[in-house]
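See structure below.
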2 protein chains.
Amino acid sequence: MASFQLHEMRRACTSCSLRELCLPDGMSAEDLARLDEIVMRRRPVGRQAVLFHQGEPMSSIYAVRSGSVKSTTLATDGGEQITGFHLPGELIGLDAIATGTHGCTVTALETSSVCELPFDQLDMLSGQIPGLRRQLLRLMSREIRHDQRALLMLGQKNAEQRLATLLLNLSARLQQRGLSATRFRLSMARGDIANYLGLAVETVSRLLARFQEQGLLQVAGREVTLLDSARLRLLVECEPDAAVTHQGRG
Amino acid sequence: MASFQLHEMRRACTSCSLRELCLPDGMSAEDLARLDEIVMRRRPVGRQAVLFHQGEPMSSIYAVRSGSVKSTTLATDGGEQITGFHLPGELIGLDAIATGTHGCTVTALETSSVCELPFDQLDMLSGQIPGLRRQLLRLMSREIRHDQRALLMLGQKNAEQRLATLLLNLSARLQQRGLSATRFRLSMARGDIANYLGLAVETVSRLLARFQEQGLLQVAGREVTLLDSARLRLLVECEPDAAVTHQGRG
DNA sequence: CGCAAATTTGAGAGCATTCAACTCCTGTGG
DNA sequence: CCACAGGAGTTGAATGCTCTCAAATTTGCG
């Protein structure tokens with residue numbers, strides 16, 4: 001039902017409902033107009049469509065406008081790792097600035113659209129608009145934070161905690177975007193979740209079943225309803241088992 | 001006894017041997033002079049000294065000048081994860097820009113010194129100097145890349161591959177700084193290595209012993225000599241003995 | 001409606017962890 | 001200079017979490 005789609009999606013940053021989550025945040029109306037001039041809107045792309053490939057030269061960065069995408073990096077041995085799921089208002093391709101070539105491949109998880117920001121122009125504009133410069137740095141910094149939290153997850157948490165963390169994280173981000181925090185549709189496959197969390201697909205499947213048994217949530221395919229996010233949070237923060245005692249009944 | 005110390009360490013960016021690895025890279029002499037004016041040099045700090053704590057308000061970012069430091073993030077449950085080891089020329093505290101408070105704690109691994117860059121002044125200056133702005137973005141982007149490679153490591157690689165990757169990575173970065181790529185001293189404890197790689201201390205210890213048995217390297221305490229980095233690389237990229245691809249999806 | 005892909009479920013194996021004991025450093029004080 | 005304390009690092013054994021393999025079942029889509 002509820003998807004990652006946002007309803008009011010206008011063409012210009014000025015009237016975009018994502019304004020406060022995206023690059024425009026904190027910019028004056030006139031500066032916004034200048035930003036608007038360099039933004040290229042792309043027509044929606046379908047599921048599985050690739051926005052750009054790892055290794056390609058980077059000329060633009062992108063902001064998710066609607067839908068959702070995943071970014072993946074390939075290891076030398078062919079293994080691939082999903083480094084993030086991105087919702088509307090989030091910037092992608094920021095890792096490309098370092099070398100001028102994309103360090104990840106970005107793929108649409110569902111029908112999605114993005115705004116394209118030609119980097120040279122964005123860079124120039126950010127020299128003239130302090131608010132834009134700050135916000136660009138902030139968003140890059142936020143990406144670093146995200147990755148470091150993900151590192152903490154893979155390095156310190158067990159399977160149960162990882163899945164709970166992801167669900168709560170998605171929930172919070174959807175809520176930020178005006179959607180339900182408790183009921184949503186996962187736009188990514190189980191395999192994507194597993195890969196992102198460094199787990200096997202089967203483990204994710206089993207855990208979702210267990211969470212449901214324990215009354216933490218309800219899951220039907222990709223439709224998820226969080227029933228007890230407080231206990232989910234407890235699961236993440238405290239020792240495993242602390243939140244759940246299946247001793248209670250034989 | 002090669003350490004992470006660099007030999008020629010002058011006070012000004014202009015004559016700093018790390019110029020090309022650090023923020024000054026690609027800047028003209030006159031722009032460099034302006035950067036120099038805002039940089040505050042700090043006296044060396046000893047082992048275990050904390051440069052800043054997670055949660056503290058951020059007013060400056062820092063560049064490692066000599067020695068080496070680690071950055072760690074604390075989970076809500078008290079568990080902590082080392083998100084990176086930083087060598088001279090590398091910027092730290094970049095994740096703080098998003099919220100204005102430090103997202104990690106930075107601790108010296110050995111006697112080290114850093115350059116302090118007051119963020120407001122740096123931001124202002126980067127509005128005036130395109131080269132500086134670009135380089136700041138590049139270094140932030142590089143940090144994102146680093147974290148994403150680390151994610152790939154924790155998500156896709158087994159213990160053996162993780163340790164090999166770290167050793168090769170350190171080797172390459174030391175070489176960039178004019179030190180030996182094959183013989184170096186680890187400034188971090190086994191426990192730090194284990195934490196960074198998401199492993200138990202005992203596992204790291206066992207692996208180092210095994211690598212030595214296999215003639216890949218020689219290790220005596222924190223002194224490491226890489227004997228066959230080609231084979232180490234092979235270990236990371238393929239998997240010679242156990243031809244099993246770890247973990248789902250390809 | 002039917003096939004292919006995605007997901008779930010079950011059973012057994014393996015890699016890494018945990019627990020425990022021991023050894024080796026390193027720095028300190030006699 | 002050496003003894004000693006305490007942390008750091010190593011080694012061994014056993015448990016366990018998660019993976020792999022295998023097969024059933026459902027879902028999605030043409």
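Lettering follows sequence order; numbering is per chain, from 1.
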ask   = Any Lys/Arg nitrogen of A:R222 or A:E110 sitting under 4.0 Å from an Asp/Glu carboxylate oxygen of the other?
value = no
Charged N-O contact under 4.0 Å between A:E116 and A:R41
no
Rounded to whole Å, the CG-P distance (B:L199 to D:dC17) equals 18 Å
Atom CZ of A:R47 and atom P of D:dG28 are separated, to the nearest Å, by 10 Å
Rounded to whole Å, the CD-P distance (A:E223 to D:dT27) equals 13 Å
Review item, side-chain donor-acceptor pairs of residues 193-203 of chain B, under 3.5 Å, at least two apart:
| from | atom 1 | to | atom 2 | distance (Å) |
| --- | --- | --- | --- | --- |
| B:N195 | OD1 | B:I82 | N | 2.6 |
| B:N195 | ND2 | B:E80 | O | 2.8 |
| B:Y196 | OH | B:H146 | NE2 | 3.2 |

Open item on the list: I'd like to know if the side chain of A:R145 reaches the main chain of A:S141, judged simply by a donor and an acceptor atom lying under 3.5 Å from each other, with no hydrogens or angles considered.
Closed with: no
B:L186 atom CG is separated from D:dA8 atom P, nearest whole Å, by 15 Å
- Salt-bridged, A:E160 to A:R210, with N to O below 4.0 Å? yes
query = Judged by atom type as modelled, is there a donor-acceptor pair below 3.5 Å linking the side chain of B:R177 to the main-chain atoms of B:L18?
reply = no
Separation of C:dC15 atom C1' from B:L163 atom CG, nearest Å, is 15 Å
B:L109 CG to D:dA8 P, in whole Å, measures 13 Å
task = Compute whether any side-chain donor of one residue and acceptor of the other, for B:T73 and B:T83, lie under 3.5 angstrom apart.
result = no
Does the side chain of A:S112 come under 3.5 Å of the side chain of A:S66 through a donor N or O and an acceptor N or O? no
Between CD of B:E160 and C1' of C:dC15 the distance, given in whole Å, is 11 Å
To the nearest 10 degrees, the angle between the two end axes of the helix from C:dC1-D:dG30 to C:dG30-D:dC1 (five pairs per end) comes to 40°
* May I ask you to test the B:K157-B:L152 pair for a side-chain heavy-atom distance under 4.5 Å? => yes
Expected rows: protein N/O vs nucleotides 7-10 of chain C N/O, under 3.5 Å:
| from | atom 1 | to | atom 2 | distance (Å) |
| --- | --- | --- | --- | --- |
| C:dT7 | OP1 | A:R190 | N | 3.4 |
| C:dT7 | OP1 | A:R222 | NE | 3.4 |
| C:dT7 | OP1 | A:R222 | NH2 | 3.4 |
| C:dT7 | OP2 | A:R190 | N | 3.1 |
| C:dT8 | OP1 | A:R190 | NH2 | 3.0 |
| C:dT8 | OP2 | A:R190 | NE | 2.9 |
| C:dT8 | OP2 | A:S205 | OG | 2.7 |
| C:dT8 | O5' | A:S205 | OG | 2.9 |
| C:dG10 | N7 | A:R206 | NH1 | 2.8 |
| C:dG10 | O6 | A:R206 | NH2 | 3.4 |

From CD of A:Q48 across to C1' of C:dA5 the rounded distance in Å is 11 Å
